[in-house]
Amino acid sequence: MNRALTEVSLFAVVVVGCLLTIVLARRARGEPSPDGGYATGHRRELSLAEAKAAAVRWTTTTNHREIGLLYIAFGTVAAIWGGIDAMMIRTHLLTPEANLWTEQTYNELFTMHGLTMLIFFVTPVFFGIGNYFLPLLIGADDMAFPRLNAIGFWLLPPSLLLARLGIVAEVTGAMLAVVVPGEWLSVLLAFQEPAIGWTMYPPLSLAPNPQTNFLLLGLHLSGIATTIGGINFIATVVYERDESIGWANLDIFSWNMLITSAIVIFAFPLLGTALLMLLLDRNFGTTFFTVEGGGPILWQHLLWFWGHPEVYIIFLPATGLMSLILPKFVGRKLFGFKFIVYSTIAIGVLSFGVWAHHMFVTGVDPRIRASFMATSIAIAVPSAIKVFNWITTMWNGDVRLAAPLILCVGSVGLFIVGGVTGIFLAVIPVDVIYHGTYYVVGHFHLIIMGIIPFMMFAASYYWYPLITGRMYDRRLAIFQSSLLVIGSGLTFMTLMALGFLEHPRRYATYPAEYSGLHVVATVGSFIIGISVLMWLYNMLWSYFQGTPVETADPWELKATQQFTPEWQWFEDRLERKHGIPPSEPEEVRPSYVPAQEERPPSLYGRIVPVARRALSDAGAGAAGGFVGTVLMTGVLLVAVALGVFDPESFANLATLVGLPANLALGYSLFLFAGMTVWPLLFLSLGEYLPGELTFITGLWYATVIASGFVIAFYTGQTGLELVTYLVFALLAHWIYGLGLAGMITYLGGRRPTSSEGPR
């Protein structure tokens with residue numbers, strides 16, 4: 001398969017899906033009319049002049065909140081691009097042989113996946129969050145250098161295009177080849193995405209490929225942008241704070257952004273210098289990293305002197321968000337604030353003293369290796385302080401079920417596993433065994449994926465009302481968050497297991513005995529991908545269709561005295577814009593109210609309502625089950641057409657109840673179960689499923705029962721066929737769940753009983 005066209009097509013599908021969601025949400029939005037009713041007409045289309053004005057505004061703005069949104073949008077696009085790379089890598093590894101992509105393509109994919117995610121996704125998103133909220137948290141009007149702030153952002157889009165120019169040139173060449181002679185396109189076809197690994201070790205990175213030069217230039221440009229941003233954050237925190245905010249009461253997120261920025265201004269200039277030296281070696285015959293000169297090991301020293309602090313550059317803002325958001329949903333202030341600040345400073349200092357533990361197998365002097373082993377183990381201490389403080393903050397708190405809380409708790413769990421396995425890697429004998437295995441991949445991703453994107457999602461949910469003035473779909477968010485935690489654990493724990501079996505990493509082909517675990521890891525990665533698409537849908541749809549917030553305290557922070565300055569800014573803004581008065585905390589909770597003395601109903605009076613309710617539920621459930629099963633059958637027919645599902649499984653189903661093995665009988669039994677057993681069980685469990693009995697509870701329920709279907713109808717599929725079978729089984733059950741819950745809701749078989757309040 002053509003990797004470039006596949007990747008661009010997948011990217012285009014996601015973009016078109018987002019645009020379609022926006023268009024449908026805009027069309028479905030009914031604006032209140034002046035007479036108090038709701039208009040049914042469509043919103044006026046955006047004119048060309050308005051579009052030009054918007055383009056000029058967004059490309060010339062120096063407002064810190066708008067630049068923050070630009071950073072977040074840019075990082076999201078890069079994350080989708082790098083995420084598609086990851087999905088293609090995992091799909092390739094479904095089979096032991098390289099029969100989907102070539103080895104060259106596989107190497108290109110994991111090279112650009114790593115660089116895109118590390119450089120163009122994580123740091124820009126955290127800088128975006130910092131740009132938007134840091135000035136609000138410290139009472140500043142804007143960033144210290146607004147114009148420099150804008151320049152820092154606008155260096156990023158060209159740097160990403162330079163870094164990924166290979167795929168752009170390849171797709172452009174393939175499209176032009178339809179109408180232009182091939183020899184005219186030789187320049188475009190000469191560009192090829194580098195397959196040198198994200199660490200860019202010489203001599204691989206010295207191999208002739210013009211795209212490698214553009215990649216290095218793009219990375220260098222992004223380094224300049226990041227350094228500019230870091231300087232701006234430091235100047236803003238030091239000089240732009242409100243007089244009432246000193247170092248002692250500076251919020252925890254700003255502390256983390258300050259330490260992160262300090263690491264940036266020491267680490268990124270060194271990376272830029274090393275990249276220039278590599279460019280000189282490639283194009284002007286210098287010998288910094290060749291055997292005749294400094295040697296390839298010199299590159300490793302320079303890369304990891306930047307590379308390990310870079311881990312903390314992208315990790316510390318996530319811990320800042322955790323320390324900021326977690327207390328809000330457990331009703332307690334952050335435990336041990338000072339110790340978390342001290343641990344952040346300690347990590348910032350120690351991060352520059354651990355780089356050589358990446359090089360234990362390169363023949364470094366044993367005495368030097370021992371000292372780096374000691375510092376690498378020591379850096380676990382401040383990290384552990386953070387974890388213990390988070391757990392203590394949750395201890396005996398008033399925990400409220402909400403998507404940010406699920407993500408926080410999931411992050412703590414995955415980070416503990418990722419952190420502890422990292423301590424083992426800091427020990428020389430263990431590292432020598434596992435350095436080149438999937439153990440490193442699993443450990444690294446449990447931290448990188450397990451806490452960093454999780455905290456980005458948590459922040460997006462926590463501050464969504466403040467940014468948009470609307471509330472997202474909270475039930476879908478809880479479902480998406482749970483799915484993300486499950487998918488991450490399934491994927492990266494499995495990679496850890498592969499590492500324990502000493503499966504070497506970075507190989508495009510592998511022995512067949514590892515294929516089972518690779519299938520599990522791939523299924524987990526697809527679950528992650530689906531959950532990310534759900535988050536994207538929720539963000540876009542809710543921007544137009546979400547319930548408008550009527551209070552600046554949607555999380556009831558005043559009641560726990562955690563109403564921080566950015567929410568105070570939001571309250572002032574609401575008051576100026578809509579005249580909504582400030583809300584007051586609920587100081588006295590309603591006490592227990594004894595039941596009124598009533599005459600107990602007779603036995604007949606008790607039985608009749610229950611019987612009516614049972615009949616109503618049974619009828620609505622049967623109708624919902626019929627609709628759901630018919631919709632589910634449509635998805636299964638597609639799976640049959642693709643050859644990943646055997647319809648004869650229905651015939652075997654009939655034999656379970658003593659009937660002959662007949663396809664029609666089996667499907668009738670399947671339809672009967674879909675109309676009786678599963679709807680009744682759904683209605684029975686509905687009281688205990690998260691959220692009201694709506695579409696989201698249908699998704700929850702369908703996800704659970706899909707596991708039984710997968711086992712019962714499995715007919716020996718392997719590799720890609722097995723994954724496709726699992727995906728279709730899950731999709732079919734989701735369709736069933738939506739049909740079931742939708743029809744029950746439509747018929748009024750079980751109406752919502754009460755509002756659940758903020759979650």
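The side-chain heavy atoms of Trp306 and Leu303, taken from C-beta on, include a pair separated by under 4.5 Å. You'll find the side chain of His92 stays beyond 4.5 Å of the side chain of Thr105, heavy atoms only. The shortest distance between side-chain heavy atoms of Ile447 and Phe415 falls below 4.5 Å. Looking at heavy atoms from C-beta onward, Leu298 lies in side-chain contact with Leu302 at the 4.5 angstrom threshold. Between Ile528 and Phe492 the shortest side-chain heavy-atom distance falls below 4.5 Å. Looking at heavy atoms from C-beta onward, Thr437 lies in side-chain contact with Tyr434 at the 4.5 angstrom threshold. Here the side chains of Phe233 and Asn131 are in contact, with some heavy-atom distance below 4.5 Å. When side chains are defined from C-beta on, Val441 does not count as touching Leu498, because their heavy atoms never get closer than 4.5 Å.
Ring pair Tyr71/Phe127 is perpendicular by interplanar angle, where above 60° counts as perpendicular and below 30° as parallel. Classified by interplanar angle (parallel below 30°, tilted 30° to 60°, perpendicular above 60°), the ring pair His301/Trp355 is perpendicular. Note: Trp198 and Trp304 have perpendicular aromatic rings, judged against thresholds of 30 and 60 degrees for the angle between ring planes.
By the 6.0 Å contact criterion, CZ on Phe266 is open, its count of non-hydrogen atoms from other residues, nucleotides or ligands being 12 or less. Within a 6.0 Å radius of OH in Tyr507, no more than 12 heavy atoms belonging to other residues, nucleotides or ligands are found. The environment of Phe214 atom CZ is sparse: at most 12 non-hydrogen atoms of other residues, nucleotides or ligands sit within 6.0 angstrom. A 6.0 Å sphere centred on OH of Tyr201 holds more than 12 heavy atoms belonging to other residues, nucleotides or ligands.
Looking only at distances, a side-chain donor or acceptor of Thr286 sits under 3.5 Å from a matching main-chain atom of Leu280. At distances below 3.5 Å, at least one donor-acceptor pair connects side-chain atoms of Thr227 with backbone N or O atoms of Gly223. Arg505 contributes a side-chain N or O that, together with a main-chain N or O of His435, makes up a donor-acceptor pair within less than 3.5 Å. No donor-acceptor distance shorter than 3.5 angstrom exists from the side chain of Asn232 to the backbone of Leu148, with no hydrogens or angles considered. Of the possible polar contacts, none joining the Glu310 side chain to the Phe305 backbone as a donor-acceptor pair under 3.5 Å is found. Judged by distance alone, the side chain of Trp535 and the main-chain N or O of Leu484 form no donor-acceptor pair under 3.5 Å. Side-chain N or O atoms of Thr522 include one that pairs as donor or acceptor with a backbone N or O of Arg90 at under 3.5 Å.
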Q: For salt bridge (Lys or Arg N to Asp or Glu O under 4.0 Å), just list the numbers for Asp85 and Arg164, CA-CA rounded to whole Å, side-chain angles, deciding distance to a tenth of an Å, and then say yes or no.
A: CA-CA 12 Å; Asp85 286 333; Arg164 306 220 58 166; 2.9 Å; yes
Q. Would Leu155 and Ile228 count as a side chain to side chain contact (heavy atoms under 4.5 Å, CB included) if you check the C-alpha gap in whole Å, the side-chain angles of each, and the deciding distance to 0.1 Å?
A. CA-CA 10 Å; Leu155 288 177; Ile228 289 173; 4.1 Å; yes
Q) Which is it for Tyr510 and His518 under the ring pair (Phe, Tyr, Trp, His ring centres under 6.0 Å) test, yes or no, and what are the steps along the way? A) CA-CA 10 Å; Tyr510 57 86; His518 273 296; 4.2 Å; yes
Q: Start with the C-alpha distance between Ile119 and Leu219, add both sets of side-chain angles, then the distance that settles side chain to side chain contact (heavy atoms under 4.5 Å, CB included), and finish with yes or no.
A: CA-CA 8 Å; Ile119 305 294; Leu219 296 178; 4.1 Å; yes
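Considering only residues two or more places apart in sequence or on other chains, Val412 meets the side-chain contact (heavy atoms from CB on, under 4.5 Å) condition with Met322, Val387, Trp390, Ile391, Ile416.
Residue Thr494 is tested with Val520, Val523, Val519 for a side-chain contact (heavy atoms from CB on, under 4.5 Å); the sole match is Val520.
Atom CG of Leu483 is separated from atom OG of Ser531 by 5.5 Å, given to the nearest 0.5 angstrom. Leu216 contributes atom CG, which lies 10.5 Å from atom NE2 of His220 (distance to the nearest 0.5 angstrom). The structure places CG of Leu161 at 11.0 Å from CG of Leu156, a figure rounded to the nearest 0.5 Å. Rounding to the nearest 0.5 Å places CD1 of Ile167 at 8.5 Å from CG of Leu5. For the atom pair Leu93 CG and Ser515 OG, the distance stands at 11.5 Å (nearest 0.5 Å). In this structure, the separation between CD1 on Ile448 and NE2 on His443 is 8.5 Å, given to the nearest 0.5 Å.
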